[in-house]
Amino acid sequence: MSLTRKSVWWRDAVIYQVYPRSFKDSNSDGIGDIPGIIEKLPYLASLGIDALWLSPFYTTPNKDGGYDVANPRDVDPTFGSLTDAEELISEAHTRGLKVIFDVVPNHFSSEHIWFKEALLSAPGSAARARFHFYDGKGSHGEIPPNNWNSLFNGPAWTRITESNGELGQWYLHLFDSSQPDLNWDNPEVLEDFKTTLRFWLDRGVDGFRIDVAHGLAKDDIHADHRDPDALTRALRVDSSGMSKEERISLLTDMPFFDRDGVHDIYKEWRKVIDEYSGDRMTVAEAYIYPTSRLARYVRPGELHQVFNFDFLLIEWDAAAIKESIIRVLDELKDVGAPPTWALDNHDSPRVVSRLGNVDQARALALIAHALPGSLYIYQGEELGLPDGELAPKDRQDPAFIRSNGKDLGRDGARVPLPWEASKPNFGFSSGSPWLPQTAAYKEFSVDTEDADQGSFLNLYRTSLGLRKQHTGLGGDSEIHWHDAPEGIVFFSRTAGFILLANTTANTTEVNIHTAAVIIHQSGPGAFIAGSIVSIPGNTTLWLQQ
Ligand code: NOJ
């Protein structure tokens, strides 16, 4: 086992996503905050992660969990103060952790000063030109400029009342009506974002996660889409009832996503990042098809990483897993960017609930932890937390509200974390949590899992500890695939690392043609006789040659 460590930090960093609202509340208002995150830094450092990514904590009316930003250069009082944010950066750095902040360039909140000015200004004014304001169609302008839908259901356009009291222009919002899209053809918008990037870079932030990174450039606004309702369904993570082919055909060549113009914008962003020393980085959130187009975001002179969302949807099936890994590595090889892997985030069902099987989730995690590149972990994933169970009255996601409950939305993955089994609200807050915690969360509390050698938490700690030392994990090195019986994932990497995963329900024997020892396993019951490894069903093994 080699102990040499690798290249620039973000190329194979383990990055832990904090959703501040649900992480830890320090002031009993039932909402997590920055001082709560600072309090839990020792826990985060103990996991063996390299960096934190914080979902937005900026000034916000909170219509979309803070992804509706009213002032990107200040902290919402719910989450603390600017001083708290600065303290978080410096405390994290003291513990050797990098800090990544979210930046939301596709839209502002309708509470942003620019939008308020736009509403008070005349059609055609400079204030309106920062957003997408258009006259409607029809004899009275009563029809929206095009037929696009909001990703949160309903039309992507809202008509305003002009200052003379009459119905007037329409503005575009790909998300909630409280999230007007910015017009990136307007140089003022780029300048303002450069100011925001520098504002946080000056305060020591190590990188940015770019929200809806594929959305900034839009096609001709006057062109209707051939089937906007089907496109909305295809864009939902759980686009159930739709064939894969139909989904991919709808997601290919969308009029408002992944237009060529976005790349000119990121070349400008990159220049700002490169003004700073210290290996600052960017990671793009871009749900696009075909996935081969993701590499365009991480070409030299553009961004550093792009999320690969394959594992948020992957079936527990050896062939599908192998196909995905090979494709993801292949798609990036020409641009030299590292791949990224994620099982969970705040927008998707938690992996344990999605797969409906804890053993499979543990085994899938050990595959993700062993791959080249960077690994993203969503808070609570390390506890094996299932989605919270919520009554309709408790749900707050605009996707739930705008679809009249047809789309359950993402609140299930956002229920506050359980820290201590015996405390009120499992130690998250001494006030009433903003989303009620499920009673079963008690068993998943950090203190309970800490004390249990076989827990999800200790599985993750062992993985991340090994990943820090072993050059065959993370890193840039290649993967060598080996023939294996159906249902088995079998690959090796540098420094004698071997991975075997059994995606079937039955114990299977595999000849690995070498002697090896087990260094980590997602579940019990495996044994080795000579070069024959016997792996129980739904289990992943890490072996050392
Ligand atoms: C992606 C974010 O992850 C999600 O939470 C948000 O609702 C949308 N972008 C809109 O900002």
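Hydrogens, waters and symmetry mates are skipped; everything else that's a heavy atom, side chains included, is used. Counting starts at 1 for both ligands and their atoms, in listed order. These numbers were taken from a predicted model, which means no experiment stands behind them.
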Hey, can you tell me if W184 and F193 have their rings parallel, tilted or perpendicular (30° and 60° cut-offs)? tilted
Separation between CZ of F152 and OG1 of T232, rounded to the nearest 0.5 Å: 12.0 Å
So, the side chain of R402 versus the backbone of D176: is there a donor-acceptor pair under 3.5 Å, distance only? no
Measure the distance from atom 1 (C) of ligand 1 to every protein heavy atom, then report the residue, atom name and distance (to 0.1 Å) of the closest one. D211 OD1, 2.8 Å
Within the 4.0 Å heavy-atom shell around R410, which atoms of ligand 1 are there? 4 (C), 5 (O), 6 (C), 7 (O)
Proximal ligand 1 atoms for H107, defined as those under 4.0 Å from one of its heavy atoms: 10 (C), 11 (O)
Just need the protein heavy atom nearest to atom 3 (O) of ligand 1, so name the residue and atom and give the distance. D347 OD2, 2.5 Å
Aromatic plane relationship, F115 with F133 - under 30° parallel, 30 to 60° tilted, over 60° perpendicular: parallel
For R209, state whether at least one heavy atom is located under 4.0 Å from any atom of ligand 1. yes
Give the numbers and elements of all ligand 1 atoms closer than 4.0 Å to a heavy atom of F175. 8 (C), 10 (C)
Residue portion contacting ligand 1 (non-hydrogen atoms closer than 4.0 Å) for F152: side chain
So is R21 actually on top of W434's ring, under 6.0 Å and inside 45° of the axis? yes
Would you confirm whether the ring centroid of F23 sits within less than 6.0 angstrom of the ring centroid of W419? yes
Where does R414 meet ligand 1, judged by heavy-atom distances below 4.0 Å: at the side chain, the backbone, both, or neither? side chain
Considering only the protein, which heavy-atom contact is closest to atom 6 (C) of ligand 1, and what is its distance? D64 OD2, 3.4 Å
Could you check whether D50 pairs with R467 (Lys NZ or Arg NE/NH1/NH2 to Asp/Glu carboxylate O, under 4.0 Å)? no
Under the 6.0 Å and 45° cation-pi test, does K194 pair with W269? no
Which atoms of ligand 1 are found less than 4.0 Å from any heavy atom of E285? 1 (C), 3 (O)
Proximal atoms of ligand 1 relative to V212 (non-hydrogen, under 4.0 Å): 9 (N)
